[in-house]
Amino acid sequence: MVHALRLYDTLSGEVRPFVPRVSPRVGLFVCGLTPYADAHIGHGRTAVIFDVVARALRRWGYHVFYVQNVTNVDDRLIARGQAEQRDPMELAEFHFQGWLRSMDQLDARAVNLYPFATDYIPEIIDQISALLRREFAYAVDGDVYYAVSKFPDYGRLSGQRVEALRPGAHVEVDPKKRAPEDFALWKSTKPGEPAWPSPWGPGRPGWHIEDTAITGRLLGDQYDIHGGGTDLKFPHHEAEIAQAEGASGKSPLVNYWMHAGMLTLRGEKMSKSLGNVVGLDATIRKYGPEVLRFFYLNAHYRSPLNFEEGKSLEEARESYATFSQPYRRLRDELLRGGLTRPGRELPPEVAKTATEMPVRLDEILSEDFQTREAIAAIFGWGRMIQEWSSKLTGLSGTALVTLGTPYRWAAEVLGLFPERGGGKAPTEFSSLVQIAIQARGRARARGDFAEGDRIRQALLEAGIVLEDQGSDTRWQWKREGGG
RNA sequence: GCCAAGGUGGCAGAAUGGUUAAUGCGACGGACUGCAGAUCCGUUUCCUGGGGGUUCGAUUCCCUCCCUUGGCUCCA
């Protein structure tokens with residue numbers, strides 16, 4: 001089963017049917033981090049977007065090989081390492097481990113391999129050698145540069161004309177270059193910096209070359225999807241095209257370029273240099289991974305998404321609570337009697353709609369990953385369930401499972417409603433809470449509301465929120481973040 | 001200056017050449033509750049940046065202007 005996905009491709013600027021080179025195989029490469037500092041929630045957005053892309057493709061029958069590189073040697077790492085008196089590669093490893101923990105928390109585990117740049121030095125040297133041989137590159141005093149003028153298509157992805165660029169606008173132009181738009185493939189290193197032997201002398205790879213050396217090795221000269229943030233379109237992705245196509249002589253490098261919109265903070269791009277970063281790990285801890293995932297997926301992946309501290313995630317939390325409420329009710333009901341519990345079945349038309357929902361949701365998502373539309377459709381389903389809510393108690397186990405079909409789709413594809421062990425209290429603890437709840441119940445039953453409220457307050461101070469639902473009292477952990 | 005993506009209700013954000021422009025948040029009203037919370041129901045009719053054009057019909061397509069964001073060799 002292979003699904004009819006339609007996908008926007010930045011290079012052609014249009015939504016096209018997705019056709020892998022060798023179906024059902026799909027090669028997916030996404031530009032990863034330079035882990036010189038803790039990741040922020042902008043990085044998290046891109047990661048979650050491509051996590052959903054990989055989840056959906058796999059659901060639709062594709063065999064996805066998802067590679068996300070790790071730049072563990074570059075100027076910023078070296079600078080930061082010197083400032084902190086740490087080995088830059090060790091610094092990268094340290095922050096990468098933090099990134100992995102965040103990905104684990106977010107249940108973004110679709111990546112098959114995180115190749116480190118420095119593990120691909122032989123491939124990098126091979127590719128630079130090929131570019132020199134084919135005269136796309138030139139060596140000067142231990143450095144090697146790409147001669148952009150040799151590659152006429154340079155600028156096509158971003159629509160830039162080389163003549164219109166303003167070299168030196170942000171970074172000083174290296175005087176060793178023949179043309180200001182040329183970029184470094186290999187940099188000779190200063191003493192004390194990480195260096196590898198090469199035909200041009202000891203040095204380290206330029207920023208762009210690692211990606212194409214890695215993909216050439218792992219995904220071949222040509223592959224299906226390349227993803228990353230829109231900020232990488234130029235120059236990074238232009239450089240990748242120039243390197244890979246120059247070295248291999250094959251075009252195109254990739255069939256679909258996917259670019260994720262920026263997360264902006266009060267209208268500005270979040271970036272370390274602007275100092276307006278909101279940490280990924282801290283945000284996950286404060287609001288929970290589901291709320292953050294929900295926030296990310298509640299916008300189209302290509303749109304910019306504005307983040308406002310103290311507002312955006314509070315709203316997402318409320319919205320997610322409403323979104324997941326019918327699911328939680330179904331789950332709570334199912335816990336009473338389980339799958340085999342007897343009861344009424346659903347009217348045929350409701351059962352039919354429920355079982356057809358995943359098809360509808362797949363269709364929505366397969367039009368260039370409209371996660372927001374899928375979420376809206378599930379909201380609609382939730383309202384339908386709420387109309388049934390009074391009758392839920394009388395439904396059979398199979399009927400409840402059928403009603404939950406769209407939520408299982410959301411769990412599988414969007415990664416919401418994670419079932420993870422970490423949040424569950426041990427049964428011993430739960431039974432202690434139950435004793436307190438029962439004591440409060442007895443106090444309320446004899447009209448001693450002061451005592452009842454005292455118990456409720458004491459539990460609240462211990463981080464436990466009570467909710468009376470009819471004759472029932474349930475509890476849950478209080479969320480941080482002013483909720 | 002050049003390139004790219006945008007501008008939709010109080011807010012966040014979808015979609016579409018065609019009856020009431022989705023969904024959520026917020027607000028308001030109601031139900032439930034000892035109270036609170038959570039939840040449910042209802043209301044929120046006059047929302048598509050300005051101007052022109054194409055069309056029977058434009059928010060959608062075209063032109064132009066204004067504005068915002070990203071990029072112009074550090075960036076998810």
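Every chain is numbered from 1, with letters handed out A, B, ... down the list of sequences. Just the heavy atoms: all of them, side chains too, but no hydrogens, waters or symmetry mates, feed the values below.
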Which nucleotide, in any strand shown, forms a Watson-Crick or G-U wobble pair with [N], with both distances under 3.5 Å?
N: B:G24; answer: B:C11
N: B:U33; answer: none
N: B:G17; answer: none
N: B:A76; answer: none

Can you give each donor-acceptor pair under 3.5 Å made by side-chain atoms of residues 455-464 of chain A, sequence neighbours left out, with the distance rounded to 0.1 Å?
{"unit_1": "A:Arg456", "atom_1": "NH2", "unit_2": "A:Asp453", "atom_2": "OD1", "d": "3.3"}
{"unit_1": "A:Gln457", "atom_1": "NE2", "unit_2": "A:Glu461", "atom_2": "OE2", "d": "3.1"}

Just call it for [X]: base, sugar-phosphate, or nothing, with non-hydrogen atoms closer than 4.0 Å on any strand.
X: A:Gly447; answer: nothing
X: A:Asp75; answer: nothing
X: A:His236; answer: nothing
X: A:Arg454; answer: nothing

Expressed as a whole number of Å, how far does the [atom1] atom of [N] sit from that of [M]?
N: B:G34; M: B:U43; atom1: C1'; answer: 29 Å
N: B:U60; M: B:U8; atom1: P; answer: 14 Å
N: B:C67; M: B:A58; atom1: P; answer: 28 Å
N: B:G24; M: B:U59; atom1: P; answer: 26 Å
N: B:A15; M: B:U48; atom1: C1'; answer: 11 Å
N: B:U16; M: B:U23; atom1: C1'; answer: 15 Å

Q: Starting at CD of A:Gln243, measure out to CG of A:Leu131 and round the result to the nearest 0.5 Å.
A: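 Between atom CD of A:Gln243 and atom CG of A:Leu131 there are 7.0 Å.
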
Q.
Suppose we screen for side chain to side chain contact (heavy atoms under 4.5 Å, CB included). Which residues come up paired with A:Ala282, at least two apart in sequence or across chains?
A.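 Applying side chain to side chain contact (heavy atoms under 4.5 Å, CB included) to A:Ala282 gives A:Arg285.
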
Q. Do A:Asn69 and A:Tyr114 come close enough that some side-chain heavy atom pair is under 4.5 Å?
A. no

(Q) Under 4.0 Å from OP1 or OP2 of B:A38: is there any side-chain N or O of A:Gln325 that close? (A)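 For B:A38, neither OP1 nor OP2 has a side-chain N or O of A:Gln325 closer than 4.0 Å.
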
Q.
When you measure from the side-chain N and O atoms of A:Ser303 to the phosphate of B:A14, is any distance below 4.0 Å, counting only OP1 and OP2?
A.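 Checking A:Ser303 against B:A14: at least one side-chain N or O falls below 4.0 Å of OP1 or OP2.
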
Q. Is any N or O donor-acceptor pair between the side chain of A:Asp453 and the base of B:G34 shorter than 3.5 Å?
A. yes

Q | Heavy-atom donor-acceptor pair, A:Arg456 side-chain to B:A36 base, under 3.5 Å | A |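 Result: at least one qualifying N/O pair found.
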
(Q) Strictly under 4.0 angstrom, non-hydrogen atoms only: write out the protein contact profile of nucleotides 17-30 of chain B, one letter per nucleotide from the 5' end, B, S or -. (A) -----BBBSS----

Q.
Test of understanding: with side chain to side chain donor-acceptor pair (under 3.5 Å), list the residues that count as partners of A:Tyr66, not counting sequence neighbours.
A.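 So A:Tyr66 forms a side chain to side chain donor-acceptor pair (under 3.5 Å) with A:Gln68.
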
Q. Can you list the residues that meet the salt bridge (charged side-chain N to carboxylate O under 4.0 Å, His left out) rule with A:Arg372, with sequence neighbours excluded?
A. none

(Q) Whole angstroms only, please: what is the CZ-P distance between A:Arg45 and B:G70? (A) 14 Å

**Q.** A:Leu106 CG to B:A76 P, straight-line distance once rounded to whole Å
**A.**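 Atom-to-atom, A:Leu106 to B:A76, this comes out as 17 Å.
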
Q) Which residues, if any, of residues 357-368 of chain A bring a heavy atom under 4.0 Å of RNA chain B? A)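 Under 4.0 Å from RNA chain B: no residue of residues 357-368 of chain A.
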
Q. Any Lys/Arg nitrogen of A:Asp107 or A:Arg109 sitting under 4.0 Å from an Asp/Glu carboxylate oxygen of the other?
A. yes

Q. Do A:Arg204 and A:Asp74 sit within salt-bridge range, that is, some charged N less than 4.0 Å from a carboxylate O?
A. no

Q | Ring centre gap for A:His237 and A:His259 strictly below 6.0 Å | A | yes

Q) Checking A:Arg302 against A:Tyr8: charged group under 6.0 Å from the ring centre and within 45 degrees of the axis? A)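 Cation-pi check for A:Arg302 and A:Tyr8: passes.
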
Q: State which of B:G71, B:A14, B:A76 makes the closest approach to the side chain of A:His43.
A: B:A76

Q.
Does the structure show A:Phe449 stacking with B:G34, if we require the centres to be closer than 5.5 Å and the planes to be within less than 30 degrees of parallel?
A. yes

